[in-house]
Amino acid sequence: MKATIIYGPRDVRFEMRDDPKIIKPTDAIIRVSATCVCGSDLWTYRGINKIDQPMPFGHEYCGFVDEIGSAVKSIKLGQFVIGSFFASDNTCPHCRAGYQSSCERKELVVGAQAPFLRVPLADGTLVSTPGIPPEDLIPSLLSLSDVMGTGWFAADAASVKPGSTVVVVGDGAVGLLGVLSAKQMGAKRIIAMSRHASRQKLARDFGATDIVTERGDVGVAHIKELTNGVGADSVLECVGTKEAMMQAIDSTRPGGSVGYVGVPHGVELKGEELFWTHVRLHGGPAPVRRYLPELIDLVWSKKINPGKVFDLTLPLDKVADGYRAMDERRAIKVLLRP
Ligand SMILES: [Zn+2]
């Protein structure tokens, strides 16, 4: 098959590689219906995360079960399934506690930007939809594989509750879906920090009540002004830079929570400063698997439409154009169809 391989900075190719095969009896092979480009892959694309050798790329997927290993029990051939970027057994102590992305047997799923994909630990990782989805639900179902699950975890980790005042730092796809998640969880006020008109509009569509365009200390001052000097109950940090993390912590009221899902790059926190803030921090790689049944239900019943975050759809063989569009911030999130 032809599939996506990254060779180095800004060098993504669509070329021949071996078809994935069942390696362990707990594996499944998925015929991919849709995949996409992740903001976190841009760290590699831009050369900030180094790679030693060409590697298959992409980790977001949904599609049909094409083949299963001999030990797979609950997942059936022909089902439409969604899974996380971390395969998990869903039975170990961390999985049972709801932290499947820390599973004792976790494995990264790589090579999803391809017509076929091997998913390890299929029974623990994959969740099937109630039936074959209509075409218009595919983007939203795909989003549950990572970006929506991650936005949802950010809101959950930040303890968003009915009536909360929420700040979202970051107007990438995860931040925008963090807005949607906070809205769905009943937040009363949602302040999105964004400088870009098209992203501000989508943030408002997803439920943002206010937009703050400033960053850093000026941005924090604006948040304080909007909250009578108090700060927010819950802040979602969806970027991963030191500036974004400090903006998040400084925007949170004493006793409030920061949910951080931006993969940290150069973030260092001073223990003493943190001590005096009275702010809770919780984050990490989102345990997407925990949320899949609930989020599939919300999409299936059309209560949420996270697929609106995709503003460019390309055939899979144009994957390199998709990376360019996201790198240059011409697209918020690129959907790819094999
Ligand atoms: Zn586990």
Side-chain angles (χ1 to χ4, degrees), residues 20-30 32 35-36 38 40-41 49 55-77 79-112 116-130 141-159 174 177 181 240 257 259-264 280-299:
K21 289 186 178 58
I22 299 281
I23 297 173
K24 292 181 190 168
T26 46
D27 291 347
I29 304 293
I30 307 302
V32 176
T35 178
C36 50
C38 182
S40 70
D41 285 336
N49 292 350
M55 60 176 200
F57 218 25
H59 57 261
E60 294 160 274
Y61 58 95
C62 62
F64 293 93
V65 180
D66 196 60
E67 205 181 331
I68 51 173
S70 58
V72 175
K73 298 274 185 288
S74 60
I75 292 300
K76 311 283 182 220
L77 289 176
Q79 278 181 328
F80 190 90
V81 291
I82 305 157
S84 161
F85 47 93
F86 268 125
S88 55
D89 59 14
N90 213 29
T91 55
C92 79
H94 304 320
C95 283
R96 289 203 304 273
Y99 286 83
Q100 288 89 343
S101 41
S102 274
C103 175
E104 288 176 347
R105 297 170 67 203
K106 75 174 174 187
E107 275 183 62
L108 262 179
V109 177
V110 291
F116 292 92
L117 172 70
R118 181 180 81 95
V119 180
L121 301 167
D123 280 336
T125 305
L126 299 170
V127 179
S128 63
T129 52
L141 292 170
L142 170 65
S143 77
L144 307 185
S145 178
D146 178 354
V147 60
M148 177 60 198
T150 297
W152 191 266
F153 174 57
D156 192 17
S159 299
V174 171
L177 292 176
S181 301
S257 302
Y260 63 104
V261 295
V263 182
R280 290 186 185 85
L281 298 180
H282 184 37
V288 167
R289 174 64 184 81
R290 188 204 317 176
Y291 304 121
L292 277 174
E294 182 183 0
L295 293 179
I296 288 173
D297 190 50
L298 287 171
V299 166

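Remember, predicted model here, so these are calculated numbers, not experimental data. Atoms within each ligand, like the ligands themselves, are counted from 1 in listed order.
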Exercise for the section: Decide, yes or no, whether a salt bridge links Glu67 with Arg118 under the criterion of side-chain N to carboxylate O below 4.0 Å. Expected result: no
Practice task
With sequence neighbours left out, write down each residue that passes side-chain hydrogen bond (donor to acceptor under 3.5 Å, both in side chains) with Tyr61, or none if nothing qualifies.
Solution key: none
Practice task
For the residue pair Phe153 and Tyr99, categorise the inter-ring angle as parallel (less than 30°), tilted (30 to 60°) or perpendicular (more than 60°).
Solution key: perpendicular
Handout entry: Minimum heavy-atom distance between Ala71 and Asp123, given as atom pair plus value
Key = O-OD2, 3.9 Å
Exercise for the section: Identify the heavy atoms of Pro120 and Ala87 that sit nearest to each other, and give their distance. Expected result: O-CB, 3.5 Å
Practice task
Taking 2.8 Å as the upper limit, name the protein N, O or S atoms near the Zn ion (ligand 1).
Solution key: Asp89 OD1, Cys92 SG, Cys95 SG, Cys103 SG
Practice task
Write down the atom of Asp27, the atom of Lys21, and the distance for their closest heavy-atom approach.
Solution key: OD2-O, 4.5 Å
